[in-house]
K.L.:
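Have a look at the structure that comes next, please.
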Amino acid sequence: MSASASLPTSLDSALGSIAGELPAEAFTTDPDILASYRTDHAPFCPSGIPAALVRPRSTEQVAEVMRIAHEHSVPVVPQAARTGLAGGANAVDGCLLLSVERLDRILEIDTVDQTGRVEAGVVNAVFSRAVAEHGLFYPPDPSSWETSTLGGNAATNAGGLCCVKYGVTGDFVRGLTVVLADGTVLRTGRRTAKGVAGYDLTHLFVGSEGTLGVITELTVALRPAAERPLTAVAFFPTAGAACAVVPDFMADGARPSLLEFMDRPTMDVVSDYQDLGFPSDAGAMLIAQSDRGELARGDLERFARIAESHGGEALVATDPAEAELLLQARRLVGIATERLGSYLADDVCVPRRRLAEMVERLPAIAERHRVRVTTVAHAGDGNVHPHVLFDRTDEGEVRRAHEAFGAIMDLGLALGGTITGEHGVGLLKRDWLAKELGPAGLRVHREVKAALDPRHILNPGKVLAASGTRR
């Protein structure tokens, strides 16, 4: 389908050239298809009207698209599965959406060096199951792992439930193939377990949210398969009591493979969706896992003792079915919250020793702004996910929700934390980034962006606010 005659001449020319270079099924301007690709999963972020969508199948095709876009100064918004929660994959007016979803081949699983080489569109769960067949383990496990891609995970440096022990996506990325803004293909990093030659360009692109280049291929580290984990749960009278357990447990030398928190409002949201038998008088809960084989039961018995010292009632699961039931509550948070309507998803991360203070001060923010806030957390690494719920048809409530969202980020920074532990900055948190980075940090960010994308065509307006016009 040809580009509209009303498009600017340079854009019309660029789209015509791109359409001529790609297979017919890789290029479209169909309005209905474009509408379905306009946004990620951030429920309340602005998006523009894209001019076209390309779905290439190779690094070479991506490079040709970027070369033409650079030549004509056409904005390009890279996308994968669009499971992000910060508006980072949202369209801007007149942009070219560049989806890597069809770059979906697992290229190699190396059992000797324990690495995998994949294209950017490979789904996390598909890859995780493939390496498990070889007795290996890929730990990064964002909640969207059944649909999110490894390229998107790298672009946002995604986290997950297992981060407390194993780390985030960036801890496993050894090398990348990246197409730069002008179409140059850059290969970074290494396959080896060690290597310190040159600047660490690989991790410059990890977490850059498509603003510096388009990731098309990754080499990632793998681990030997983990032992089947044991699971425990503890219920507490207050959220603060639950979170006070975390620093004590971690300071005791614990290495849990999962340590998750849910407050009472979240438990109520989940219970409204599916009754899992939560105690009616519990103010919060913690779920812990250990995958240390024979040592796991001892880990969870220590967790139970520490929980009980903070007024909790703990239970160590005795079989896998019981453990799965406990984890089901945490997995249902997303879908149960979505049923309530519009919400803003914060993901502030604070030092563990400040976690209790963080959650104890959230109800006051909710009360002050007259909105409802529910909170879950990857408690083991201090990553808090308050959900600010609101009625998007009520202008006053929308305004108060945004004010509450900002107040939560301000609180996180005041407690020595960061505005985003794993969701990224995107559009949603861009205005707070300068406060976290400081003047020198912001200047360096802008200089790196200008060096790699001098025409500012890659994901414009995301992460960094515009500092000038595109040439």
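Throughout, residue positions are numbered sequentially from 1 according to the sequence presented. Computed from heavy atoms alone, side chains included, the values below leave out hydrogens, waters and symmetry copies.
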K.L.:
Side chains of Val206 and Thr169: closer than 4.5 Å at any heavy-atom pair?
P.N.:
no
K.L.:
Less than 6.0 Å separating the ring centroids of Tyr138 and Phe127?
P.N.:
yes
K.L.:
For the rings on Tyr166 and Phe137, is their centre-to-centre separation under 6.0 Å?
P.N.:
yes
K.L.:
Taking all non-hydrogen atoms of both residues, which atom of Leu53 and which atom of Ile33 are closest, and how far apart?
P.N.:
CD2-CG2, 3.8 Å
K.L.:
Hey, are the side chains of Val100 and Glu119 touching, using non-hydrogen atoms and a 4.5 Å cut-off?
P.N.:
no
K.L.:
What's the verdict on side chain to side chain contact (heavy atoms under 4.5 Å, CB included) for Gln79 and Leu98, showing C-alpha distance, side-chain angles and the deciding distance?
P.N.:
CA-CA 6 Å; Gln79 297 181 331; Leu98 196 166; over 6 Å; no
K.L.:
Step by step, work out the side-chain hydrogen bond (donor to acceptor under 3.5 Å, both in side chains) result for Thr184 and Asp182.
P.N.:
CA-CA 6 Å; Thr184 299; Asp182 64 357; 2.8 Å; yes
K.L.:
Kindly determine whether Lys449 and Leu458 satisfy side chain to side chain contact (heavy atoms under 4.5 Å, CB included), including the steps that lead there.
P.N.:
CA-CA 9 Å; Lys449 170 70 171 174; Leu458 272 169; 3.9 Å; yes
K.L.:
Do we get Arg339 above Tyr273's six-membered ring, with its NZ or CZ under 6.0 Å from the centre and within 45° of the axis?
P.N.:
no
K.L.:
Taking C-beta and beyond as the side chain, do Leu34 and Arg38 meet within less than 4.5 Å on heavy atoms?
P.N.:
no
K.L.:
Show the numbers, then the answer: is there a side chain to side chain contact (heavy atoms under 4.5 Å, CB included) between Thr149 and Asn124?
P.N.:
CA-CA 5 Å; Thr149 66; Asn124 186 305; over 6 Å; no
K.L.:
If you count heavy atoms of other groups shown closer than 6.0 angstrom to CZ of Arg354, is the number above 12?
P.N.:
yes
K.L.:
Compare every heavy atom of Ala86 with every heavy atom of Cys45, then report the nearest pair and how far apart it is.
P.N.:
SG-O, 3.9 Å
K.L.:
Test salt bridge (charged side-chain N to carboxylate O under 4.0 Å, His left out) on Lys435 and Asp410; report intermediate values, then the result.
P.N.:
CA-CA 9 Å; Lys435 184 173 184 178; Asp410 287 338; 3.2 Å; yes
K.L.:
Indicate yes or no: does Asp104 engage Arg57 in a salt bridge with an N to O separation below 4.0 Å.
P.N.:
no
K.L.:
To the nearest 0.5 Å, how far apart are CG in Leu325 and CD in Gln328?
P.N.:
6.0 Å
K.L.:
Would you call the rings of His385 and His378 parallel, tilted or perpendicular, where under 30° means parallel and over 60° means perpendicular?
P.N.:
perpendicular
K.L.:
Is Arg191 salt-bridged to Glu108, cutoff N-O under 4.0 Å?
P.N.:
yes
K.L.:
How long is the gap from OG1 on Thr337 to NE2 on His387, to the nearest 0.5 Å?
P.N.:
5.0 Å
K.L.:
Taking all non-hydrogen atoms of both residues into account, name the closest pair between Asp347 and Ile419 and its distance.
P.N.:
OD1-O, 3.6 Å
K.L.:
So, does Arg430 use its side chain to make a donor-acceptor pair with the main chain of Gly461 at under 3.5 Å?
P.N.:
yes
K.L.:
A side-chain contact here means heavy atoms from C-beta on lying under 4.5 Å apart; do Pro56 and Glu64 qualify?
P.N.:
no
K.L.:
If I take atom CD1 from residue Ile287 and atom CG from residue Leu259, how far apart are they, to the nearest 0.5 angstrom?
P.N.:
9.5 Å
K.L.:
Quick test of your reading of the model: are Glu447 and Arg443 salt-bridged, counting only N-O distances below 4.0 Å?
P.N.:
yes
K.L.:
Checking the side chain of Glu260 only, and the main-chain atoms of Leu286 only, is there a donor and an acceptor separated by less than 3.5 Å?
P.N.:
no
K.L.:
Is Arg117 paired with Glu217 through a side-chain N to carboxylate O contact shorter than 4.0 Å?
P.N.:
yes
K.L.:
Report yes if the side chains of Thr216 and Val178 come closer than 4.5 Å at any heavy-atom pair, otherwise no.
P.N.:
no
K.L.:
Can you tell whether the side chains of Lys462 and Glu209 come within less than 4.0 Å, N to carboxylate O?
P.N.:
no
K.L.:
Give me the atom names and distance for the closest heavy-atom approach of Asp40 to Gly88.
P.N.:
OD2-N, 3.1 Å
K.L.:
Give the intermediate values and the outcome of side-chain hydrogen bond (donor to acceptor under 3.5 Å, both in side chains) for residues Ser148 and Thr83.
P.N.:
CA-CA 6 Å; Ser148 65; Thr83 57; 4.6 Å; no
K.L.:
Could you check whether Glu25 pairs with Arg102 (Lys NZ or Arg NE/NH1/NH2 to Asp/Glu carboxylate O, under 4.0 Å)?
P.N.:
no
K.L.:
Could Lys165 and Asp291 be called an ion pair, given the rule that one side-chain N must be under 4.0 Å from one carboxylate O?
P.N.:
yes
K.L.:
What verdict does the side chain to side chain contact (heavy atoms under 4.5 Å, CB included) test give for Asp299 and Arg255, after you've listed the backbone C-alpha separation in whole Å, the side-chain angles of each residue and the deciding distance to 0.1 Å?
P.N.:
CA-CA 8 Å; Asp299 290 342; Arg255 288 293 304 278; over 6 Å; no
K.L.:
What is the minimum heavy-atom distance between Asn90 and Pro46, and which atoms define it?
P.N.:
ND2-O, 3.0 Å
K.L.:
Roughly how far, to the nearest 0.5 Å, is the OG atom of Ser73 from the NE2 atom of His456?
P.N.:
11.0 Å
K.L.:
Dump the intermediate steps for salt bridge (charged side-chain N to carboxylate O under 4.0 Å, His left out) on Glu324 and Arg331, then the final yes or no.
P.N.:
CA-CA 10 Å; Glu324 183 59 31; Arg331 294 192 181 116; 2.5 Å; yes
